Amino acid sequence: MRCLGIDWGSKRWGLSYGDEIGIATPLPAITDATGEAKWEKLAQLIAQRRIDTVVVGYPYNMDGSVGFKAKEVDAFIASFKEQFPQLPVHRVDERLTSQVAGQAWSEKVKREQRRSGKLDSSAAALILQDFLDQELAGSGSLEEWEMDLDD
């Protein structure tokens, strides 16, 4: 399992990587000005890392409903599926991930990190970590690993 986490935004795409080890790691965000350049960089990353699963943060409203931003993410996912039809895409609730990702930073540092895309990629890592935790817990892999340690 080679997963790519995406925190989609109209200006920046935060990215993270994780695999069967179960640890999500932020990657440099895609901050190109044009959509075409963003898609090209994304395609390069998917090929280089041999990605087989994609996880996209889904911005539900605080009450759990689907709002305007979620519909924008749906449009991104539809475009993604056109570009990469072989890759499964999973939506993961991303409520408050950007706030959690930046809560240890001062406001000045947070602005700088947002401009560089580091805040977005940190949020993408939190989103992907949620997915990995659920997948590994559901697969029994962690339990098997812990049993092997006891032997």
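Please read these numbers as outputs of a predicted model, since none were measured by experiment.
In the hydrophobic clustering of ILVMFWY residues, with side-chain heavy atoms under 4.5 Å counting as a link, Leu15 and Val73 come out together. Cluster annotation: Trp39 and Leu4 are assigned to the same hydrophobic cluster (Ile/Leu/Val/Met/Phe/Trp/Tyr, side-chain heavy-atom contacts under 4.5 Å, transitive). The hydrophobic clustering, which links ILVMFWY residues whose side-chain heavy atoms are closer than 4.5 Å, places Val66 and Val55 apart. When hydrophobic clusters are built by joining Ile, Leu, Val, Met, Phe, Trp and Tyr residues whose side-chain heavy atoms come closer than 4.5 Å, directly or via intermediates, Phe131 is not grouped with Val56. Put simply, Leu132 and Val54 are part of two different groups of oily side chains (I, L, V, M, F, W, Y) that touch within less than 4.5 Å, one to the next.
Put simply, the side chain of Ile51 does not reach to within 4.5 Å of the side chain of Leu45, judged on heavy atoms. Contact annotation: the side chain of Thr25 never approaches that of Leu128 to less than 4.5 Å [non-hydrogen atoms, C-beta and beyond]. You'll find the side chain of Ile46 reaches within 4.5 Å of the side chain of Leu87, heavy atoms only. The closest side-chain heavy-atom distance from Leu42 to Ile30 is below 4.5 Å. Looking only at side-chain heavy atoms (C-beta outward), Thr53 and His90 come within less than 4.5 Å of each other. Counting heavy atoms from C-beta outward, Phe84 and Val89 have side chains that stay 4.5 Å or more apart. Looking only at side-chain heavy atoms (C-beta outward), Asp93 and Tyr58 stay at 4.5 Å or farther from each other.
A pairwise comparison of heavy atoms in Ala24 and Ala125 identifies CB-O, 3.3 Å as the closest pair. Scanning both residues, Gly57 and Ile127, for their nearest heavy atoms gives CA-CD1, 3.6 Å. Nearest heavy atom pair, residue Ala124 against residue Gly5, reads CB-O, 3.9 Å.
A cation-pi contact, defined as under 6.0 Å to the ring centre and within 45° of the axis, links Arg49 to Tyr17.
In the displayed structure, Gln86 atom CD is contacted under 6.0 Å by more than 12 heavy atoms of other residues, nucleotides or ligands. More than 12 heavy atoms of other residues, nucleotides or ligands lie within 6.0 Å of NZ in Lys38, so this atom counts as buried by the packing criterion.
Ring centroids of Trp13 and Phe76 are separated by less than 6.0 Å, placing the two rings close together.
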Evaluate salt bridge (charged side-chain N to carboxylate O under 4.0 Å, His left out) for Arg2 paired with Asp19, printing each intermediate quantity in order. CA-CA 5 Å; Arg2 294 175 179 266; Asp19 56 22; 6.0 Å; no
Could you go through the side chain to side chain donor-acceptor pair (under 3.5 Å) check for Asp32 and Thr34 one step at a time? CA-CA 6 Å; Asp32 297 271; Thr34 68; over 6 Å; no
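Counting only distance, with no hydrogens or angles, the side chain of Asp63 and the backbone of Ser65 share a donor-acceptor pair below 3.5 Å. Side chain of Ser16 to main chain of Ser121: no donor-acceptor pair is present (N/O by atom type, distance under 3.5 Å, no hydrogens or angles). Using modelled atom types, no side-chain atom of Glu94 and backbone atom of Trp8 make a donor-acceptor pair closer than 3.5 Å.
Ionic pairing of Arg91 and Asp74 is present here: one or more N-O contacts between side-chain nitrogen and carboxylate oxygen are shorter than 4.0 angstrom.
A donor atom on one side chain and an acceptor atom on the other are not found under 3.5 Å apart for Gln134 and Asp130.
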